[in-house]
Peer 1: 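For reference, the structure I am asking about is given below.
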Amino acid sequence: MTTWTMSGALNRALHDSMGEDGRVLVLGEDVGMSGGVFRVTDGLRAAFGERRVFDTPISEAAIVGAAVGLCFGGWRPVVELQFDAFSYPAFEQIVDHVAKMRMRTRGRVDIPITIRIPAFGGIKGKEHHGESPETYFAHTAGLKVVVPSGALDAYTLLRLAIADPDPVVVLEPKARYWSKQDGELATEGPAIGEGRVLTKGSDVTLVAYGAMVQRAKDAASELAHQGIGAQVVDLRSLSPLDDQLLQRCAEETGRIVVVHEAPRHVGFGAEVAARVMELAFDSLAAPIARVTGWDTPYPPASLEDHYLPSVDRIVAAAKETVGY
Amino acid sequence: VADPQDQPPALWVGTEPWRVIAPDGTAVGDTVVGLEPSELRELLRWMVVARRLDRECIALQRQGELTVYPGFEGQEAAQIGSATALDAADMVWPTFRELAVALVRGVDPVQYLQYHRGTWHGGPYDPRATRFGPICIPIATQIAHAAGSALGQQLDRTDEVSIAYFGDGATSEGDFHEAANLAGVWHLPLVLFCQNNGWAISLPTAEQTAGEIWRRAEGYGFPGVRVDGNDVLAVYAATLAALDRARRGDGPTLIEAMTYRIGAHSTADDARRYRADPEVEAARAFDPIARFRTWLVGAGHADEAFVADCEQEAERFAFGVRAGVIQTPAPPAEWQFDWVYADPPATFQQMRDEALR
C-alpha cells in the first residue's frame with residue numbers, strides 16, 4: 001500500500017504515459033526546469049529531456065495552437081495551462097480548433113490533446129486563481145471534460161485522457177493536490193464518461209465533482225449522524241456525462257442535491273437537474289437542489305469560505321430535500 | 001529599383017520592397033532564380049488559371065452556387081510564387097484566401113470549394129496527403145498551428161518546413177505575436193508569409209499598424225524581408241531563401257509580400273463604402289500577371305501563342321471546376337455526427353439517433 005498525493009499521482013501518470021508512448025510531449029509554462037507550479041511535471045525534464053518537455057513562453061494561445069499543429073504530425077501533446085483563469089487566452093484555440101479539427105478534417109486527423117488546468121478554488125489564492133471554467137468546456141462539442149477528486153482516480157483519469165483519441169480537458173482541483181490517498185495506482189478503472197458511487201445511502205443522492213466530492217462525503221457523514229442516508233456520487237466526467245448513473249440514483253433515492261463551486265446560474269448543476277428530470281421525472285420525490293458558489297466573481301481569500309459550498313450548506317439542502 | 005512614382009499612393013509606403021521585375025515588366029534585378037524556362041512558364045500558367053478560377057468563383061457565388069466567397073485577384077504572384085518554392089513535403093497553413101496556393105499544392109479545387117459551397121467546414125481534402133492544412137477563418141490562429149507543425153518537423157528531424165499564410169490584419173492578433181515569438185525562441189523551421197494586400201475588410205494597413213510588418217521580425221530575433229508581392233520571381237526567390245534557411249536549421253523568416261486586394265474582402269461586402277475607385281484603378285497598373293507576362297515574353301521564354309494557350313486552358317479549367325461544384329450535393333445529415341469524436345460517447349450516439357430518426 002502506497003500513500004499518494006494527487007499531485008504525486010498525476011506526476012506518476014505523466015511519467016508512465018511518456019514512458020509508454022514516445023510521441024507524448026509535455027508543454028507549458030514552468031513545467032520543465034521548475035517542475036510546474038504544483039509540481040505535477042516534476043522530474044519529467046530530467047527523465048525525458050528538453051525535446052519532450054517544453055518550457056514555453058507565456059503564450060497560452062500558442063501553446064494550445066502549437067499542440068493542434070503537432071497533432072498533424074502524429075504527436076500526442078499534453079499541455080498545462082497554469083491556472084483556470086489563464087486558460088482564457090487559449091479559449092479561441094480550444095473552442096475553434098481543438099474541439100472541431102477532427103470533424104473539419106473528416107476524421108483524417110485525430111486531436112488527442114490533453115489540456116491540464118489546475119482549477120477551482122479553496123486555496124486562498126489570488127484573484128483569477130480560483131475559477132471554475134468547467135461549463136465553458138463541457139458546453140463545447142468535441143471536447144471531453146474530466147475532474148478528478150482524489151489521488152488514485154486522478155492517476156486513472158489522466159492516463160485515460162492521454163490515451164484518449166479525442167481532446168480531453170482535465171480540470172485538476174488545486175485544493176486536492178496535496179490530499180492523500182492510500183492504494184495502488186491503476187490504469188484500469190471506470191472509463192471517461194462513467195461516474196462512481198462513493199458512499200451508499202437510500203434517502204438522498206449528493207452529486208459532486210472535484211474538491212466538492214470530499215465536502216459531500218463530509219456532509220454525508222454528518223447526515224448519517226442525523227439519521228439520513230446520503231449516497232455520494234463523484235461524477236468524474238462532465239462530458240460525456242454518466243446520465244445512466246444519475247437516472248439510477250434518482251430512482252434509488254428520489255432526491256438529488258448537486259454541489260459545485262461554480263456560480264449557480266447556468267452552472268453544471270443545471271445540466272444535471274435537466275438530465276435527471278428527463279430520465280427519471282417520475283422517480284423524483286422532491287425538487288432537485290443546487291448548492292453552489294454565488295453568482296458573483298470568485299471572492300478574495302478572506303471571503304472564500306463564504307463563497308464555497310460548505311458542509312453546513314450541503315447538509316441543510318439535503319435535509320430540506322428529504323423533508324420536502 | 002523602380003521609380004517611386006510607379007507606386008500606388010498611400011499603400012506601399014515606407015521601405016521599398018525588394019523586386020527583380022519592375023511593374024512595367026523590365027528587369028531591375030537578378031531574374032536568374034533557379035527556374036528553368038518551362039518552370040517560368042508554369043508560373044504564368046498558374047497565375048492565369050488562378051485568376052480565371054477566382055472570377056468564376058465570384059460568378060458562382062452570384063448565381064447562388066457558392067456561399068460567401070473571398071476573392072484573391074491581384075494576389076496571384078504572392079500565392080503562386082511562394083507556393084512554387086515549396087517542397088512537396090512542406091506543410092502549408094492557409095487562411096481562407098489561398099485558393100491559388102491550394103491549386104499549386106494539387107488540392108482538388110472542387111473539393112476545396114465545398115468549403116465555400118457550404119457543404120463542409122475546414123475542407124474535405126486530405127490535409128496530410130496534400131500538405132495543405134484546413135481552411136482557417138479565425139484570424140491568425142493558423143500561425144500557431146504552423147508553429148506546432150514546425151516543432152513536430154523539427155522533433156522528427158525531417159528537413160520539412162511549415163509555412164503560415166496570413167494577412168496584414170492578422171498581425172494585429174495576439175496569435176501572430178505568440179506564434180512568431182515561439183518560433184523565434186525555438187528556432188522553428190517556419191516561414192511566416194504575410195500578404196499585405198492593403199486592406200482588412202474596411203481597414204487600411206496604415207490604420208492596422210503604425211510600423212512596417214517585416215520589421216517586427218527583428219523583435220523576435222529572426223530576419224524579415226519586404227518583397228514586392230506582385231513580382232512573382234521576387235516572391236519565389238524570397239520564399240525559397242526563407243525555406244532554405246529553415247531547412248538548414250537556422251530558424252524562421254518573416255516575409256511581407258506587398259500586394260493589393262483588387263476586389264472586396266468577400267462577395268458579402270461592398271468595397272466602395274470605404275475605398276475609392278481611383279485607388280483600385282491605380283493598383284491595376286501593378287497587375288502581377290501583366291508584369292510577368294511582359295517580362296517572360298520579352299526575355300524570350302514564352303511567346304504570345306503560349307499566353308493564348310494559358311488563357312484557353314484557364315477557360316477549360318474554370319468550366320470544369322464549375323461543373324464539379326454545381327454537381328456537389330449537400331452532405332447527408334449523419335455527417336454532422338460522424339467525425340466529431342474518434343471515440344463517441346454513448347450519449348452522443350443517442351442524440352445522433354434522435355436527430356436522424
Side-chain angles (χ1 to χ4, degrees), chain A residues 23 25 27 51-52 54-75 77 89-90 92-93 95-97 99-112 141-144 163-167 191-194 237 239-244 275, chain B residues 91 93 115 120-129 131 133-138 140-156 158 160 162 164 173-175 177-186 188 335-348 350:
Chain A
R23 302 301 278 184
L25 305 175
L27 302 96
R51 304 311 282 160
R52 291 191 61 198
F54 293 86
D55 274 325
T56 66
I58 305 174
S59 301
E60 291 81 8
I63 296 168
V64 175
V68 172
L70 281 162
C71 290
F72 280 71
W75 297 91
E92 180 184 30
Q93 286 287 353
V95 173
D96 281 350
H97 295 299
K100 298 179 173 71
M101 194 60 92
R102 186 173 194 279
M103 180 177 184
R104 299 176 77 244
T105 64
R106 283 193 187 162
R108 292 185 180 96
V109 181
D110 283 344
I111 305 293
L143 299 178
K144 296 173 179 174
D164 200 283
D166 293 310
I192 290 175
E194 290 181 34
S237 173
S239 188
L241 176 63
D242 192 348
D243 57 4
Q244 300 301 305
R275 297 282 271 272
Chain B
M91 187 69 198
W93 295 89
Y115 189 88
W120 202 248
H121 289 322
Y125 49 87
D126 186 335
R128 276 196 177 122
R131 313 301 287 160
I135 293 168
C136 187
I137 282 194
T141 53
Q142 77 282 2
I143 310 173
H145 306 161
S149 152
L151 174 60
Q153 290 163 327
Q154 186 188 64
L155 293 174
D156 274 328
T158 68
E160 298 165 12
S162 291
E173 289 277 13
D175 282 37
H177 163 72
E178 291 193 16
N181 184 57
L182 199 71
V185 170
W186 291 347
L188 296 179
W335 282 18
Q336 73 182 310
F337 293 92
D338 279 355
W339 298 288
V340 178
Y341 297 96
D343 178 20
T347 45
F348 181 81
Q350 287 160 14

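Throughout, a chain's letter reflects where its sequence line sits, starting with A, and its residues are numbered from 1.
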Peer 1: What part of B/Q336 is in contact with chain A, defined as an atom under 4.5 angstrom from a non-hydrogen atom: side chain, backbone, both or neither?
Peer 2: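 Both parts, heavy atoms under 4.5 Å.
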Peer 1: Using only atom types and a distance under 3.5 Å, with no angle test, would you say the side chain of A/R108 pairs donor to acceptor with the backbone of B/R128?
Peer 2: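 Between the backbone of B/R128 and the side chain of A/R108 there is no qualifying donor-acceptor contact (under 3.5 Å).
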Peer 1: Could you tabulate the donor-acceptor pairs under 3.5 Å formed by side-chain atoms of residues 54-72 of chain A, not counting sequence neighbours?
Peer 2:
from  : atom 1 : to    : atom 2 : distance (Å)
A/D55 : OD1    : A/V31 : N      : 3.0
A/D55 : OD1    : A/G32 : N      : 2.6
A/D55 : OD2    : A/M33 : N      : 3.0
A/D55 : OD2    : A/R45 : NH2    : 3.3
A/T56 : OG1    : A/G28 : O      : 3.3

Peer 1: Heavy atoms only: give me the nearest A/R104-B/G122 pair and the separation to one decimal.
Peer 2: NH2-CA, 3.4 Å
Peer 1: Less than 4.5 Å to any heavy atom of chain B: does that hold for the side chain of A/R23, its backbone, both, or neither?
Peer 2: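 The side chain, not the backbone.
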Peer 1: Where on A/L241 is there a heavy atom nearer than 4.5 Å to chain B: the side chain, the backbone, both, or neither?
Peer 2: backbone
Peer 1: Side chain, backbone, both or neither: which part of B/Y125 has a non-hydrogen atom closer than 4.5 Å to chain A?
Peer 2: backbone
Peer 1: Quick check: closest heavy atoms across B/T347 and A/R275, and the distance to 0.1 Å?
Peer 2: CG2-NH2, 3.3 Å
Peer 1: So do A/H97 and B/H145 actually touch side chain to side chain, heavy atoms under 4.5 Å?
Peer 2: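 The answer is yes; the side chains approach within 4.5 Å.
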Peer 1: Going from CH2 on B/W120 to CE on A/M103, what distance comes out if it is rounded to the nearest 0.5 angstrom?
Peer 2: 4.0 Å
Peer 1: Need one label for B/I143: side chain, backbone, both or neither, based on atoms under 4.5 Å from any heavy atom in chain A.
Peer 2: neither
Peer 1: Got a second to check how far B/L151's CG is from A/R51's CZ, nearest 0.5 Å?
Peer 2: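 B/L151 atom CG to A/R51 atom CZ measures 6.5 Å (nearest 0.5 Å).
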Peer 1: Check whether B/W186 gets within reach of chain A through its side chain, its backbone, both or neither, counting any heavy atom under 4.5 Å.
Peer 2: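 The side chain, not the backbone.
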Peer 1: Go through A/G142, A/G107, A/G73 and name the one with the most non-hydrogen pairs under 4.5 angstrom from chain B.
Peer 2: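 If we count pairs closer than 4.5 Å to chain B, A/G142 comes out on top.
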Peer 1: Which heavy atom of B/A144 sits nearest to which heavy atom of A/Q93, and what is that distance?
Peer 2: CB-NE2, 3.7 Å
Peer 1: Please look at A/L143 and chain B and tell me whether the side chain, the backbone, both or neither of the residue comes under 4.5 angstrom of a heavy atom of that chain.
Peer 2: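 For A/L143, the backbone is the part near chain B, not the side chain.
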Peer 1: Please give me the minimum heavy-atom distance between A/P165 and B/D343, naming the atom from each residue.
Peer 2: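 For A/P165 and B/D343, the tightest heavy-atom pair comes out as CG-CB, 3.9 Å.
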Peer 1: Heavy atoms only: give me the nearest B/P127-A/T105 pair and the separation to one decimal.
Peer 2: CG-CG2, 3.9 Å
Peer 1: Name the region of B/E173, side chain, backbone, both or neither, that has any atom closer than 4.5 Å to a heavy atom of chain A.
Peer 2: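 Neither; nothing under 4.5 Å.
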Peer 1: Rounded to the nearest 0.5 Å, what's the gap from CZ on A/R106 to CH2 on B/W335? Could you check?
Peer 2: 4.0 Å
Peer 1: Show the nearest heavy-atom pair for residues A/L25 and B/L155, with the distance to one decimal.
Peer 2: CD1-CD1, 3.6 Å
Peer 1: Using non-hydrogen atoms and a 4.5 Å limit, figure out which bit of B/T141 sits close to chain A: side chain, backbone, both or neither.
Peer 2: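 Both the backbone and the side chain of B/T141 come within 4.5 Å of chain A.
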Peer 1: Heavy-atom distances under 4.5 Å only: say whether A/D164 touches chain B with side chain, backbone, both or neither.
Peer 2: side chain
Peer 1: At a 4.5 Å cut-off on heavy atoms, which part of B/D175 comes close to chain A: side chain, backbone, both, or neither?
Peer 2: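 The answer is the side chain of B/D175.
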Peer 1: Is B/N181 in contact with chain A via its backbone, its side chain, both, or neither, using a 4.5 Å heavy-atom distance?
Peer 2: side chain
